[in-house]
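Scope of the values below: all heavy atoms of this structure, side chains included, with no hydrogens, waters or symmetry mates.
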Amino acid sequence: MGLLNTESEESLASSVKIAPSILSADFARLGEQVCEAAEGGADWIHVDVMDGHFVPNLTFGPPVIKAIRGVTDLMFDVHLMIERPDLSIAQYVAAGADLITVHVETCPHLHRTLQQIREAGLKTGVTLNPATPVSALEPVIGEVDLVLVMSVNPGWGGQSYIPYSTKKISDIRARLDAIGSEAEIEVDGGVNESTLREVLDAGATVLVMGSAIFNDKASVADNLAKYKGIIDKQT
């Protein structure tokens, strides 16, 4: 299993976090870019695992996660966009995941899958696609460490933020507050300078940022510093 930093281990909900998505990194120098993100002040590393079935793309698997696990102690936030994730949880645990997030839409036995992750000693997350209602969380909302709101249709980086996502974030925040949960709300898709304020105001605490961090306009460190500065002014 990967190494949790002290802050993450004590509380997942201590501050707004930036989780750069390596889906937008330069795959030819992936380890180097993960190091750049870690040294530049990233809080977590977000790993989008896609199987080409549940979503129309094929990305990383356990061997890639294991390879980059050795370059940083940051929390590995592994988002499984795959069918039947329960069949491969153990592989992602062994590869170095710290938090595993699964989709409501792919887990017919969601309680069991979350229990499997928890029993392996990892943090648990559950994801909603854009068209999946917040009510789908009700059976498990008190049992998770993180709720991930997909603010784009999953499968590709660089998409535009779906405006309805803001209401979903605020609805989830209200439901978590009502039960006294400290679970994180993570938002993935189209989070950038133009959408950051409304996402934070709605109650998000973890921001998955891909092309906003990994691009040819500025260094990874400069992009992280830019967004951390914006967050500091708005929180």
Look at the side chain of [X] and the backbone N and O of [Y], then say whether any donor-acceptor pair between them is shorter than 3.5 Å.
X      : Y      : value
His103 : His79  : no
Ser181 : Leu176 : no
Asp48  : Leu23  : no
Ser219 : Asp222 : yes
Thr113 : Asp86  : no
Asn215 : Ala218 : yes

Inspect the contact between Lys228 and Asp232 and indicate whether a charged nitrogen and a carboxylate oxygen are less than 4.0 angstrom apart.
no

Hey, is Asp98 close enough to Arg69 for a salt bridge, meaning N to O under 4.0 Å?
yes

Taking the side chain as C-beta and beyond, is there a heavy-atom pair between [X] and [Y] under 4.5 Å?
X      : Y      : value
Ile22  : Ile45  : yes
Leu122 : Val93  : yes
Gln33  : Val220 : yes

Please identify each residue that fulfils ring-ring contact (aromatic ring centres under 6.0 Å, His included) with Phe214, with sequence neighbours left out.
none

Contacts of type ring-ring contact (aromatic ring centres under 6.0 Å, His included), residue Tyr161, not counting sequence neighbours
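Not a single residue meets the ring-ring contact (aromatic ring centres under 6.0 Å, His included) criterion with Tyr161.
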
Does Asp188 have any side-chain hydrogen bond (donor to acceptor under 3.5 Å, both in side chains) partners at least two apart in sequence or in another chain, and if so, which?
His46

Under the side-chain contact (heavy atoms from CB on, under 4.5 Å) test, which residues partner Glu119, sequence neighbours left out?
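Residues passing side-chain contact (heavy atoms from CB on, under 4.5 Å) with Glu119: Gln115.
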
Which pairs, with at least one residue in residues 160-171 and sequence neighbours excluded, count as a salt bridge (charged side-chain N to carboxylate O under 4.0 Å, His left out)?
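Output for this query lists Lys167-Asp171.
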
Under the salt bridge (Lys or Arg N to Asp or Glu O under 4.0 Å) test, residues paired with Arg29 that sit two or more places apart
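Checked Arg29 against salt bridge (Lys or Arg N to Asp or Glu O under 4.0 Å); matches are Asp26, Glu32, Glu36.
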
Determine, stepwise, if the pair Leu80 / Asp51 fulfils side chain to side chain contact (heavy atoms under 4.5 Å, CB included).
CA-CA 9 Å; Leu80 298 184; Asp51 63 1; over 6 Å; no

Without hydrogens or angle criteria, can the side chains of [X] and [Y] be said to hold a donor-acceptor pair below 3.5 Å?
X      : Y      : result
Asn153 : Asn129 : no
Thr205 : Glu186 : no
Glu198 : Thr166 : yes

Would you name the heavy atoms of Val78 and Ala97 that are closest together and state the gap between them?
CG2-CB, 3.6 Å

Atom of Leu30, atom of Phe60 and distance for their closest heavy-atom approach:
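Closest pair (atom of Leu30, atom of Phe60, distance): CD2-CE2, 4.0 Å.
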
Distance, nearest 0.5 Å, that separates [atom1] of [X] from [atom2] of [Y]:
X      : Y      : atom1 : atom2 : result
Leu58  : Met50  : CG    : CE    : 10.0 Å
Leu148 : Thr101 : CG    : OG1   : 6.0 Å
Ile213 : Ser21  : CD1   : OG    : 10.5 Å
Leu196 : Ile231 : CG    : CD1   : 5.5 Å

Apply the side-chain contact (heavy atoms from CB on, under 4.5 Å) test between Val149 and each candidate in Leu128, Val199, Ile172; give the one that qualifies.
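So, applying the side-chain contact (heavy atoms from CB on, under 4.5 Å) to Val149 and each of Leu128, Val199, Ile172, only Ile172 qualifies.
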
Checking side-chain contact (heavy atoms from CB on, under 4.5 Å) between Trp44 and each of Leu99, Leu207, Val208, which is the one that passes?
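So the option named by the test is Leu99.
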
Membership question, hydrophobic clusters at under 4.5 Å side-chain separation (ILVMFWY): are Ile162 and Leu200 in the same one?
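No, no single cluster joins them.
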
